[in-house]
Undergrad: 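Below is one structure. I have some questions about it.
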Amino acid sequence: MRVGVFICHCGNNIAGTIDVARVAEETRKIPGVVYATTYMYTCSEPGQEEIKEAIKREGLDRVVVAACSPRMHEMTFRRTVEKAGLNRYFFEMANIREHISWVGEDKEFNTRKAIDVVRMAVAKVMQNRPLFSSSFKINKRVLVMGGGVAGMQAALDCADGGLEVVIVEKSQSIGGMMARLDKTFPTIDCSICILGPKMVDVAQHEKIKLYAYSEIDEIKGYVGNYQVKIRKKATYVDWSKCTGCGACMEKCPSKNAYDYFNFGVAPTKAINIPFPQAIPKKAKIDPNYCRQFTKGKCGVCAKICPTKAIDYEMKDEIITEEVGAIIVATGYSLIDMDMLPEYGGGRYPDVISGIQYERLLNASGPTAGHIERPSDHEEPKTIVFVSCAGSRDKSIGIPYCSNFCCMYIAKQAILTKDHISDSQSYVFYMDIRSPGKGYDEFTRRAQEEYGVHYIRGRVSRIYPKGKKLVVRGADTLLGTQVEIEADLVVLATAVISNKDAAYMAEKLHISYDTFGFYVESHPKLRPVETNTSGVFLAGACQGPKDIPASVGQGSAAASKILALFSGETLESDPAVARVNINACVGCLKCVKTCPFGAIKEKELRDGRVVADVIETVCAGCGVCTSTCPCGAIQLQHFTDNQILAEVNALCLI
Amino acid sequence: MADREYAYYSGCSLEGTAVEYDISVRRVMEALGIRLSEPEDWSCCGSTPAHTVDHLLAAALAARNLTIIEKMGFNTVITPCPSCMMAFKKAHHRMKEDIRFKDEVNSLLDEPYNLNVQSKSALQIIIEDIGLEKVKERVTHVMPDLKVAPYYGCILNRPPEIAQFDDPENPLSMDKIFTAIGVEVCDFAFKVECCGAAYGVPKRDMVNELTYKILSMAVDCGANCVAVACPLCQQNLDLRQQQVNIRKNTSFNIPVLYFSQIMGLAYGYSPEEMVIDKLVVNPDSLISSRITLSQWNEMKAREAEASKAKKKEKKNIEKIEEET
């Protein structure tokens with residue numbers, strides 16, 4: 001066996017804290033290693049050429065590159081050795097950057113550790129076997145989870161590209177947060193006017209199938225072949241009959257239902273259509289408030305409905321859809337104002353959140369676009385906006401910036417002046433974050449043309465004084481305390497991930513961060529991919545972002561899927577579990593432990609029962625190999641022998 | 001008969017300017033079946049005068065007292081003064097979090113402190129260990145004229161990770177106690193505002209300004225007295241009221257009582273027993289209408305009957321009017 005080892009400097013990333021020449025020198029002493037060298041940037045084109053030439057020149061049949069994480073360049077180098085005629089699995093990567101040079105400062109210690117890691121990789125590569133991937137057919141349908149602006153954009157782009165799309169939206173209508181906004185920054189164009197046509201496109205596109213008021217129950221399968229169980233939640237209205245006339249909503253006697261669409265600004269009816277442009281424009285009953293459910297009698301809507309669409313007996317329905325790829329566009333939530341007791345959130349009715357104010361400004365909102373104080377319905381004259389209400393606040397566990405509040409506060413302050421010309425708005429801010437195109441000009445306009453008072457400092461307390469609210473804060477530019485008597489206070493409440501974000505991530509086998517936002521494959525270079533092939537991200541489920549960024553990600557995720565589905569088949573990863581039927585005793589423990597349901601029992605011709613791996617479903621996690629009592633099931637490319645060879649290389653010297 | 005026994009660290013204020021706080025807390029605790037044991041040879045708690053100079057020595061002062069209490073075999077100490085309580089809690093917290101700091105503190109002491117003592121305010125003991133049921137049970141008297149603004153001050157419940165008691169922004173423990181003993185509580189927005197604390201000495205004007213704000217808010221929310229749980233708050237609000245009146249041209253005359261004094265009055269102790277006369281602003285006019293619970297109930301019953309009779313009479317008149 002002739003192993004060649006290439007040790008990368010990675011500029012100073014590795015060579016700065018590891019003596020790479022010494023690593024090469026020590027490596028040459030390992031039995032089986034016939035060639036070892038160092039290179040400035042092994043991943044560069046000349047670097048890869050050097051590997052190919054060495055394979056030919058030195059007659060190498062195994063290659064180790066000691067460089068960065070395999071996440072970064074394993075594929076690059078596998079392709080390199082393949083081009084030089086070796087099986088791509090005759091290659092191993094020793095991670096001496098992320099695991100050593102970046103984390104340790106002691107050069108001597110780092111060098112010794114690097115030598116050990118290279119020795120392990122050499123031991124493993126000598127045990128490696130050639131593996132070959134097979135190709136499998138793919139289902140070119142796409143599931144889009146979430147019908148906000150990001151999901152809609154992704155769905156439309158996929159559908160326009162010829163793919164069939166299934167959208168699952170958990171609420172009654174698509175449109176998401178954007179459908180609730182009055183105007184959008186920095187152009188002050190009407191939000192629903194630009195979103196509405198897109199919503200109609202989604203509804204009318206022949207390639208798009210929409211499941212509103214539905215949730216994902218179960219996801220099975222793998223890239224190219226997913227089976228998704230969708231729960232169509234009971235609406236108690238037969239949507240095939242409902243015409244959206246709204247007669248039921250007019251007559252419904254239960255008038256105090258919580259209005260989720262309007263964030264509780266005002267109550268709604270127990271049967272309702274959330275907003276005039278809703279898609280689908282169908283009514284739904286909220287059984288928590290409907291008298292038929294709470295008191296057992298009423299039936300007004302059933303009597304009034306001209307198409308007899310009301311069905312109090314309706315049950316959830318489970319539908320299975322088969323798709324080949326998934327776009328996760330589940331959006332975000334906002335913190336509860338109760339988390340901000342110093343601002344009296346939840347205690348004082350005239351302290352409201354930004355999204356609630358948005359609904360007050362909106363012509364189709366509960367006040368028909370007239371700004372009113374919730375307490376006495378009077379028009380406020382002095383309005384105070386508090387930015388970073390919860391954001392950038394470690395004390396409540398939200399250290400990050402919510403991204404778009406600075407901009408929407410400026411917008412709301414401008415709109416306030418348009419609505420109430422003799423009003424005065426104040427904005428308490430930490431920093432004005434307006435880095436987008438035309439954004440800074442916009443916040444300047446709020447200050448210069450609309451006379452919005454920007455006060456740099458934090459608000460410490462809000463307390464009532466008669467009919468007014470006193471907002472007390474610091475003006476850090478003047479170095480003094482300020483108190484403003486306000487009629488209405490608007491808190492730019494922090495963006496958080498959805499409550500069920502972690503639960504969904506586990507269903508999808510994707511990662512999420514401390515705050516529940518989904519983690520992209522690479523923060524710069526793979527922003528819409530996840531580490532699970534076939535699952536893509538779009539919009540604020542990945543982190544707080546505004547409309548343009550969400551739409552951009554929606555399109556990006558769609559283009560990734562169009563590329564993925566450009567052929568008829570995909571190549572499978574051969575690094576999956578395989579059963580040695582001669583050693584298998586048929587205990588089938590592996591069948592129970594496999595988290596992907598990739599193992600089933602198989603009867604051999606002689607009647608013996610053994611385990612059998614469905615190659616395309618196996619994710620290569622290796623749980624089965626540690627379960628198997630007789631070592632009969634082995635994860636290819638990570639067999640017991642290969643891992644023990646690494647351990648021996650580390651421990652037996 | 002005493003149900004429970006706790007160590008009781010009064011601290012310097014309660015021996016001097018706040019002797020009425022000490023006496024009223026002791027009596028109320030007795031009424032609630034709590035026996036208090038005072039540590040022998042206790043010393044300064046290490047609060048403001050100490051910790052503004054040296055954190056280590058301040059912690060050592062606190063730990064010295066905690067060691068004595070630990071040796072008495074108590075795991076909880078009642079410290080009515082929030083400054084003492086916070087000095088103890090802070091020293092305990094830091095010694096627990098930082099082994100090196102603990103060793104440093106202990107090296108200054110004759111005997112080491114082993115982190116076995118929890119410090120609690122009298123309020124915390126009443127809420128957490130005694131419970132509102134019992135607080136209510138013990139009531140013998142009603143004070144119908146009292147409208148209280150409960151003022152908690154800055155450190156009774158903050159910082160929350162150290163205080164570990166009540167809501168840091170909108171505390172409710174005192175509110176709950178007053179409601180339980182039948183005293184009317186006002187919705188007071190300045191429960192945790194700063195009173196100026198020890199700045200009364202170097203920066204009197206500033207403290208007067210802060211005191212002015214708190215008193216104004218108390219009056220605005222409809223209160224006719226302020227309840228406190230801190231000797232320094234009491235001093236700034238009560239003793240300095242005249243200063244505020246002169247400086248701000250106001251005429252505040254609002255009594256500032258310790259919450260324990262109000263509880264004691266509800267439990268039947270006389271104003272003399274609660275050392276009411278130590279207060280600067282005289283609350284006599286508010287508490288002179290105090291009556292016993294049975295008198296109160298009788299009065300209520302009579303009122304109810306009267307209103308019933310009135311209704312009946314009204315009905316009769318209506319009936320007669322209808323008939324005619």
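Here is the naming used below: chain letters follow the sequence lines, and residue numbers restart at 1 for every chain.
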Undergrad: Does a sphere of radius 6.0 Å around CG in A:Asp338 hold more than 12 heavy atoms from other residues, nucleotides or ligands, not counting ones at 6.0 Å or beyond?
TA: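 Above 12, so yes.
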Undergrad: Does atom NZ of A:Lys107 have more than 12 heavy-atom neighbours from other groups under 6.0 Å away?
TA: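 Atom NZ in A:Lys107 is packed in, count exceeds 12.
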Undergrad: With a 6.0 Å cut-off (strictly less than), is the heavy-atom count around NE2 of B:His55, excluding the residue itself, greater than 12?
TA: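 Atom NE2 in B:His55 is not crowded, with 12 or fewer foreign heavy atoms closer than 6.0 Å.
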Undergrad: Mark yes when over 12 heavy atoms from residues, nucleotides or ligands other than A:Glu108 sit less than 6.0 Å from its CD; otherwise mark no.
TA: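 Buried by this count: over 12 neighbours within 6.0 Å.
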Undergrad: Are the charged groups of B:Glu193 and A:Arg472 less than 4.0 angstrom apart, N to O?
TA: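 Judged by the 4.0 Å cut-off on N to carboxylate O distance, B:Glu193 and A:Arg472 do form a salt bridge.
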Undergrad: Would you compute the distance between atom CG of B:Asp187 and atom OH of A:Tyr463 and round it to the nearest 0.5 angstrom?
TA: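 One finds 14.0 Å between CG of B:Asp187 and OH of A:Tyr463.
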Undergrad: Check the surroundings of atom NZ in A:Lys381: do more than 12 heavy atoms from other residues, nucleotides or ligands lie under 6.0 Å from it?
TA: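 Yes.
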Undergrad: Under 4.5 Å, heavy atom to heavy atom, which residues of residues 195-217 of chain B contact chain A?
TA: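 B:Lys213, B:Met217, listed by number.
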Undergrad: For A:Tyr258, look at atom OH and say whether over 12 heavy atoms of other residues, nucleotides or ligands are found less than 6.0 Å away.
TA: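 Count over threshold, so yes.
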Undergrad: Sub-4.5 Å heavy-atom contacts with chain A: which residues of residues 228-254 of chain B show up?
TA: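 Under the 4.5 Å heavy-atom cut-off, nothing qualifies.
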Undergrad: Is it the case that atom NZ in A:Lys465 sees more than 12 heavy atoms from other parts of the structure closer than 6.0 Å?
TA: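 Counting neighbours around NZ of A:Lys465, 12 or fewer heavy atoms of other residues, nucleotides or ligands fall under 6.0 Å, so no.
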Undergrad: Taking the side chain as every heavy atom from C-beta outward, state whether A:Glu342 and B:Asn170 have any pair of such atoms under 4.5 Å apart.
TA: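 No, every pair of side-chain atoms sits at 4.5 Å or beyond.
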Undergrad: Would you indicate whether A:Arg456, at its atom CZ, is surrounded by more than 12 heavy atoms from other residues, nucleotides or ligands within a distance under 6.0 Å?
TA: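 Open: at most 12 neighbouring heavy atoms sit under 6.0 Å from CZ of A:Arg456.
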